[in-house]
Student: 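My questions will all concern the structure given below.
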Protein chains: 2
Amino acid sequence: MTVLEWDPYDRNCPSRQVLDRVGDRWTVLVVGALAAGPMRFSELAERVDGVSQKMLTQTLRNLERDGLVTRTMYAQIPPRVEYELTDSGTTLQLPMKALEDWTKEHMRGIMAARYEYDLHKAELPKP
Amino acid sequence: MTVLEWDPYDRNCPSRQVLDRVGDRWTVLVVGALAAGPMRFSELAERVDGVSQKMLTQTLRNLERDGLVTRTMYAQIPPRVEYELTDSGTTLQLPMKALEDWTKEHMRGIMAARYEYDLHKAELPKP
DNA sequence: CAGTATCCTGTATGATACTG
DNA sequence: CAGTATCATACAGGATACTG
């Protein structure tokens with residue numbers, strides 16, 4: 001039996017929701033960080049530079065909700081909470097890494113293209 | 001000479017800007033649509049269900065600015081404008097497709113996980 | 001430490017109307 | 001047809017303060 005063929009180009013396709021989640025600012029970075037192994041909240045906060053406590057919490061909750069990350073609390077003081085990719089979450093690493101790699105490879109070219117584009121736009125007179 | 005190793009985990013890394021662009025709601029879908037070959041504005045609008053004229057224009061301008069898409073205007077009435085992936089844009093297809101494929105494969109599981117998660121959350125009493 | 005709760009702002013996105 | 005311009009708004013996301 002084959003998987004029913006969803007069409008992301010249909011606005012009602014649930015894959016749109018998944019795509020939205022995957023495509024948010026922090027998910028890529030958090031999943032990438034967790035690829036190295038389980039991490040505590042504070043370690044993640046340090047690793048993913050610039051993420052606010054709120055956004056990190058929210059991103060992790062969403063990943064947990066989607067079954068991509070597990071959250072383990074150790075009953076001790078001060079509390080210690082570890083996050084780890086699930087099997088499903090681990091499979092996400094591949095496309096994420098592909099994206100990260102692509103980004104690294106093309107970043108320079110893109111920044112240069114932007115510079116060029118903006119330069120030419122600036123030359124155009126105001127209508 | 002090797003490429004300088006950028007670190008997307010640093011908040012000042014330009015890759016963050018690239019990642020943001022790639023991760024917006026429509027870019028993945030537009031690039032995916034253009035994978036089939038050059039398309040007119042109206043064809044894209046039809047293919048990418050739910051995108052507004054404004055957002056499609058904006059997405060295409062950004063892709064053009066980044067050197068990932070070319071815009072060709074044919075001087076005729078009514079106007080005809082075709083968009084096509086550049087070589088650079090074509091390379092983006094691979095990671096994008098990987099993401100699309102992953103999404104298709106895991107969508108069901110994710111939706112199920114969400115359902116479960118929300119169910120258990122609903123059981124918890126209000127503090 | 002690992003959150004939650006609040007407040008506040010900018011930006012992303014949509015709807016609508018107009019034009020070369 | 002392929003846009004641009006304008007208006008309106010929801011929500012992402014940051015700053016800050018408090019807590020088990």
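What you are looking at is a predicted structure, and each value in this text was computed from that prediction instead of being measured. Basis for what follows: all heavy atoms, side chains included, without hydrogens, waters or symmetry-related copies. Each chain gets a letter, A, B and so on, in the order its sequence line appears, and its residues count up from 1.
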Student: When you get a sec, tell me which of D:dC1, C:dG3, C:dG14 is the closest nucleotide to the side chain of B:Trp26?
Tutor: C:dG14
Student: Quick one: does A:Val31's side chain get under 4.5 Å of A:Leu63's, heavy atoms only?
Tutor: yes
Student: When you measure from the side chain of B:Val81, which nucleotide among D:dC1, D:dG3, C:dG3 comes out closest?
Tutor: D:dG3
Student: Salt-bridge test for B:Asp20 and B:Arg16: reply yes if a basic N is under 4.0 Å from a carboxylate O, no otherwise.
Tutor: no
Student: Is the phosphate of C:dC1 approached by A:Tyr83 (side-chain N or O, under 4.0 Å from OP1 or OP2)?
Tutor: no
Student: With the side chain of B:Pro79 defined as its heavy atoms from C-beta on, choose the nearest nucleotide among D:dA2, C:dT13, D:dT4.
Tutor: D:dA2
Student: With side chains defined as the heavy atoms from C-beta onward, is the minimum distance between B:Glu84 and B:Leu34 less than 4.5 Å?
Tutor: no
Student: Would you say A:Ser42 places a side-chain N or O within less than 4.0 Å of OP1 or OP2 belonging to C:dA2?
Tutor: yes
Student: Expressed as a whole number of angstroms, how long is the span from A:Arg16:CZ to C:dT13:P?
Tutor: 12 Å
Student: Between B:Asp24 (CG) and D:dG13 (P), how many Å, whole number?
Tutor: 12 Å
Student: When you check the phosphate oxygens OP1 and OP2 of D:dA2, does a side-chain N or O of B:Arg40 lie under 4.0 Å from one of them?
Tutor: yes
Student: When you compare the side chain of A:Pro8 with that of B:Glu100, does any pair of heavy atoms fall below 4.5 Å?
Tutor: yes
Student: Salt bridge check: are B:Arg80 and B:Glu82 linked by an N-O gap of less than 4.0 Å?
Tutor: yes
Student: Between A:Gly50 and A:Gln53, which has a closest nucleotide on DNA chain D that is more 5'?
Tutor: A:Gly50
Student: As a check on the pairing definition, encode DNA chain C in dot-bracket form, counting Watson-Crick and G-U wobble pairs whose two distances are under 3.5 Å, and using | for partners outside this strand.
Tutor: ||||||||||||||||||||
Student: I want to check one thing: is the phosphate of D:dA2, taken as OP1 and OP2, less than 4.0 Å away from some side-chain N or O of B:Arg80?
Tutor: no
Student: Between B:Gln17 (CD) and C:dT11 (P), how many Å, whole number?
Tutor: 14 Å
Student: Expressed as a whole number of angstroms, how long is the span from A:Glu43:CD to C:dC1:P?
Tutor: 11 Å
Student: Please check if any side-chain donor atom of B:Asp24 sits under 3.5 Å from a side-chain acceptor atom of B:Thr27, or the reverse.
Tutor: yes
Student: Between C:dT13, C:dC1, D:dG3, which nucleotide gets closest to the side-chain atoms of B:Arg71?
Tutor: D:dG3
Student: Answer yes or no: is there a side-chain heavy-atom contact under 4.5 Å between A:Leu60 and A:Arg71?
Tutor: no
Student: Closer than 4.0 angstrom, basic N to acidic O: yes or no for A:Asp101 and A:Lys97?
Tutor: yes
Student: Please report the distance, rounded to the nearest Å, between CG in B:Asn62 and P in C:dT13.
Tutor: 10 Å
Student: What integer distance in Å separates A:Lys54:NZ from D:dA12:P?
Tutor: 9 Å
Student: State which of C:dG14, D:dG3, C:dG3 makes the closest approach to the side chain of B:Met55.
Tutor: C:dG14
Student: Nearest to the side chain of A:Arg25, heavy atoms from C-beta on, is which of D:dG13, C:dG14, C:dG3?
Tutor: D:dG13
Student: Without decimals, in angstroms, what is the distance between B:Phe41 CZ and C:dT19 C1'?
Tutor: 14 Å
Student: Report which part of the nucleic acid A:Gln58 touches: base, sugar-phosphate, or nothing (heavy-atom distance under 4.0 Å, all strands).
Tutor: nothing
Student: Across the strands shown, which category fits B:Tyr74 at heavy-atom distances under 4.0 angstrom: base, sugar-phosphate, nothing?
Tutor: nothing
Student: Without decimals, in angstroms, what is the distance between B:Met73 CE and D:dC1 C1'?
Tutor: 9 Å
